[in-house]
Amino acid sequence: MKKKLISVFMAAAVAVSAFAVPVAAEAEEQVTLTYWGWDSNYYEPLIEAYMESHPNVKIEATATEWGDMLTKVQQALASGSELPTIIPMDITLIGNWKKMGITENLLDYGLDTSVYNSALIEAATDADGNVIGLFENVCPAGIAYKRDLAKEYFGTDDPDELAEMFSSYDAYVEKGKEVAEKSDGSVFLFHSGQAVAEWLYFASDIANVSDDTINMTDKMTDVMSKLVELRDAGAVDSYQNGTAEANATYADDNHIFYPCPDWALTYYIESNDPDGSGNWGLIKAPSGYSHGGTAMGISSSASDEQKEAAYDFITWAVSSEEGATVAKDKAGYITQDSTIATDEFCKRSDEEFFGGQDISTLYYKDIASIISIATPSAFDNDIVSVRNDVAQQLMNDTSMTLEDAVSAAVEELGQLVTDETVTIK
């Protein structure tokens with residue numbers, strides 16, 4: 001089941017002047033906190049700024065790859081070694097953290113959920129009503145495009161005209177055929193089947209899990225059917241998403257569209273096409289969606305003093321002007337706190353890179369008001385892994401059918417999921 005996200009702009013219209021970020025309790029001695037995380041562009045400047053204004057708190061960060069985070073915590077639990085005080089929890093894995101039960105309920109520390117996005121709070125709430133983490137930002141996603149190629153193949157680079165032209169998945173299929181024919185197969189709408197599958201996965205209305213059943217057939221049919229149509233139309237290239245070769249396509253003349261959450265503007269487009277300023281635009285996807293997001297939680301094994309300081313850091317990072325500004329300026333993250341995320345605050349500094357387009361309003365008002373988030377499950381990471389693998393198989397073997405892909409996905413997931421309390425259907 002999916003929950004609608006309320007636009008941060010709409011929520012900001014309600015005055016919440018009584019809300020105040022808690023101030024760290026005075027401590028005679030310095031409190032030391034630990035943090036494991038993969039996004040140094042976010043946590044390093046944030047921690048530095050916090051410690052500067054909170055000299056009684058020291059935060060020691062350990063760089064941890066995203067893919068290693070869950071395993072690292074599981075190994076620490078198995079060996080009885082110390083967990084970090086502050087635990088970042090990616091939305092794909094937050095269902096696993098709920099199941100592990102190793103984090104504090106932030107409601108016990110006075111968290112005022114009314115100022116935050118209701119769908120993100122719901123995503124971080126476990127079956128017992130405990131809010132185990134606070135999401136750092138909202139991650140609305142659209143489709144980025146290269147203006148010169150759009151003008152050449154579609155006759156316009158105007159975002160409004162392109163949004164109307166590509167208002168359905170079928171439109172991408174038909175235009176993909178046209179581009180393939182016009183370019184003799186040298187130009188594609190998208191660079192990677194995995195990137196397309198990722199977009200379609202987050203935009204899908206099919207729940208991953210219902211009761212004790214993993215809905216793998218329905219989910220993969222929804223995702224892979226569209227990918228197969230696009231592949232067969234000649235609209236998708238076969239690069240493996242995230243590789244150096246795939247990233248180089250951002251600056252080439254052979255790929256037009258890229259599924260693009262707001263954080264990807266900095267991490268992918270601007271970093272991989274530094275000379276492309278002015279040549280990029282952004283439109284809504286046919287179905288509004290959110291891609292990504294990380295919540296910060298507090299380890300239950302920490303001392304009371306550490307827990308209080310950790311809560312202060314987390315709420316400072318998301319719900320203070322100082323913390324939210326550091327996150328915005330250093331990582332391009334827009335806080336989910338509606339009392340801070342005003343029109344003015346959400347104005348991005350990189351709009352000129354996108355031809356002067358008002359991508360801030362598009363992301364944080366137009367798209368944010370219609371996106372939704374699937375209810376997380378403890379099997380999401382395995383499902384995503386299978387999705388990526390099968391998407392690449394489809395691109396490498398053009399004779400692979402939708403039925404083949406769905407069957408392969410169900411079989412592969414069965415090898416990963418050993419929980420006998422669930423059924424893979």
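Model, not experiment: these values are computed from the prediction.
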Heavy-atom check, side chain of D350 versus side chain of I359, under 4.5 Å: yes
Taking all atoms of both residues into account, what is the closest heavy-atom pair of E351 and S360, and its distance? OE2-OG, 2.6 Å
Pair K177 + E174: basic N to acidic O under 4.0 Å: yes
Backbone N or O of D126 within a donor-acceptor pair of the N130 side chain at under 3.5 Å? no
At their closest point, which heavy atom of I86 faces which heavy atom of A310, and how far apart are they? CG1-CB, 3.8 Å
Rounded to the nearest 0.5 Å, how far apart are CG of L111 and CD of E104? 13.0 Å
Rounded to the nearest 0.5 Å, what separates atom NZ in K365 from atom SG in C346? 11.0 Å
Is the count of non-hydrogen atoms from other residues, nucleotides or ligands lying under 6.0 Å from E411 atom CD greater than 12? no
Do the side chains of F379 and V422 get nearer than 4.5 Å, heavy atoms only? yes
Can you label the angle between the Y239 ring and the H255 ring as parallel, tilted or perpendicular, going by 30° and 60°? perpendicular
Can you check side chain to side chain donor-acceptor pair (under 3.5 Å) on T294 and E136, steps first, answer last? CA-CA 6 Å; T294 299; E136 301 161 356; 4.6 Å; no
If I take atom CD from residue E48 and atom CD1 from residue I59, how far apart are they, to the nearest 0.5 angstrom? 11.5 Å
Just by modelled atom types, is the T125 backbone N or O under 3.5 Å from a matching donor or acceptor in the K98 side chain? yes
Quick one: closest heavy-atom pair of V223 and A197, and the distance? CG1-O, 3.7 Å
Do Y258 and F190 have their ring centres less than 6.0 Å from each other? no
W263 ring center near Y42 ring center (under 6.0 Å): no
Where the side chain of S210 meets the backbone of T213, is there a donor-acceptor pair that is under 3.5 Å apart? no
May I ask you to decide whether D419 forms a salt bridge with K99, counting only side-chain N to carboxylate O separations under 4.0 Å? yes
Would you say Y169 and V173 make side-chain contact, with heavy atoms under 4.5 Å? no
Residues I269, F354; criterion side chain to side chain contact (heavy atoms under 4.5 Å, CB included); working and verdict: CA-CA 10 Å; I269 293 179; F354 287 78; 4.2 Å; yes
With the threshold set at 4.0 Å, does a side-chain nitrogen-carboxylate oxygen contact exist between K175 and E178? yes
Value for CG (D382) from CD (Q415), rounded to nearest 0.5 Å, stands at 11.5 Å
Taking everything shown except K347 itself, do over 12 heavy atoms lie less than 6.0 Å from its NZ? yes
For the CD1 atom of I94 and the CG atom of N381, what is their distance to the nearest 0.5 Å? 13.5 Å
Do I132 and L106 have side chains that approach each other closer than 4.5 Å (heavy atoms only, starting at C-beta)? no
If you look at every heavy atom in P274 and S271, which pair is closest and at what distance? CD-O, 3.8 Å
Between D337 and S319, a side-chain donor and acceptor under 3.5 Å: yes
V196 pairs by side-chain contact (heavy atoms from CB on, under 4.5 Å) with which of L189, D237, V236, N241? V236
For N215 and N208, run side chain to side chain donor-acceptor pair (under 3.5 Å): C-alpha distance rounded to whole Å, both residues' side-chain angles, the deciding distance at 0.1 Å, then the answer. CA-CA 5 Å; N215 304 315; N208 285 350; over 6 Å; no
Ring centres under 6.0 angstrom apart (Y50, W316): yes
Show, in sequence, the C-alpha distance, side-chain angles and deciding distance for W199 and I143, and conclude whether the side chain to side chain contact (heavy atoms under 4.5 Å, CB included) test is met. CA-CA 9 Å; W199 154 38; I143 307 294; 4.0 Å; yes
Does I314 reach the side chain of I298, with side-chain heavy atoms less than 4.5 Å apart? yes
From the list T339, T335, V138, L134, side-chain contact (heavy atoms from CB on, under 4.5 Å) with Y116 holds only for L134
Start with the C-alpha distance between Y267 and D39, add both sets of side-chain angles, then the distance that settles side chain to side chain donor-acceptor pair (under 3.5 Å), and finish with yes or no. CA-CA 11 Å; Y267 284 82; D39 189 359; 2.7 Å; yes
Contact between W280 and Y145 at the side-chain level, heavy atoms closer than 4.5 Å - yes or no? no
Below 6.0 angstrom between ring centroids: does that apply to Y172 and F257? yes
Run K330 and E44 through side chain to side chain contact (heavy atoms under 4.5 Å, CB included) and show every step you take. CA-CA 9 Å; K330 300 298 184 181; E44 285 183 353; over 6 Å; no
Is there a donor-acceptor contact under 3.5 Å from the side chain of K284 to the main chain of I367? no
If I take atom CG from residue L33 and atom CD from residue Q306, how far apart are they, to the nearest 0.5 angstrom? 6.0 Å
Taking the six-membered ring of Y333, is NZ or CZ of K328 closer than 6.0 Å to its centre and within 45° of its axis? no
Test side chain to side chain donor-acceptor pair (under 3.5 Å) on T401 and D404 and set out the steps. CA-CA 5 Å; T401 66; D404 294 335; 3.0 Å; yes
Salt bridge check, D148 against K146: does any charged N sit closer than 4.0 Å to a carboxylate O? no
Whether K425 and D218 form a salt bridge (side-chain N of Lys/Arg under 4.0 Å from carboxylate O of Asp/Glu) is what I want to check. no
Any sub-3.5 Å donor-acceptor pair from S168's side-chain atoms to A171's backbone N or O? yes
What's the shortest heavy-atom distance between A150 and L162, and which atoms? CB-CD1, 4.0 Å
Check the pair I214 / T423 against side chain to side chain contact (heavy atoms under 4.5 Å, CB included), numbers first and verdict last. CA-CA 6 Å; I214 301 176; T423 300; over 6 Å; no
Considering residues, nucleotides and ligands other than K182, do more than 12 of their heavy atoms fall under 6.0 Å from its NZ? yes
Taking the side chain as everything from C-beta on, heavy atoms only, tell me whether F313 gets closer than 4.5 Å to M296. yes
If we only count heavy atoms from C-beta on, is the E60 to Y35 side-chain gap below 4.5 Å? no
Search all heavy atoms of Q357 against all heavy atoms of G281 and return the closest pair with its distance. OE1-CA, 3.4 Å
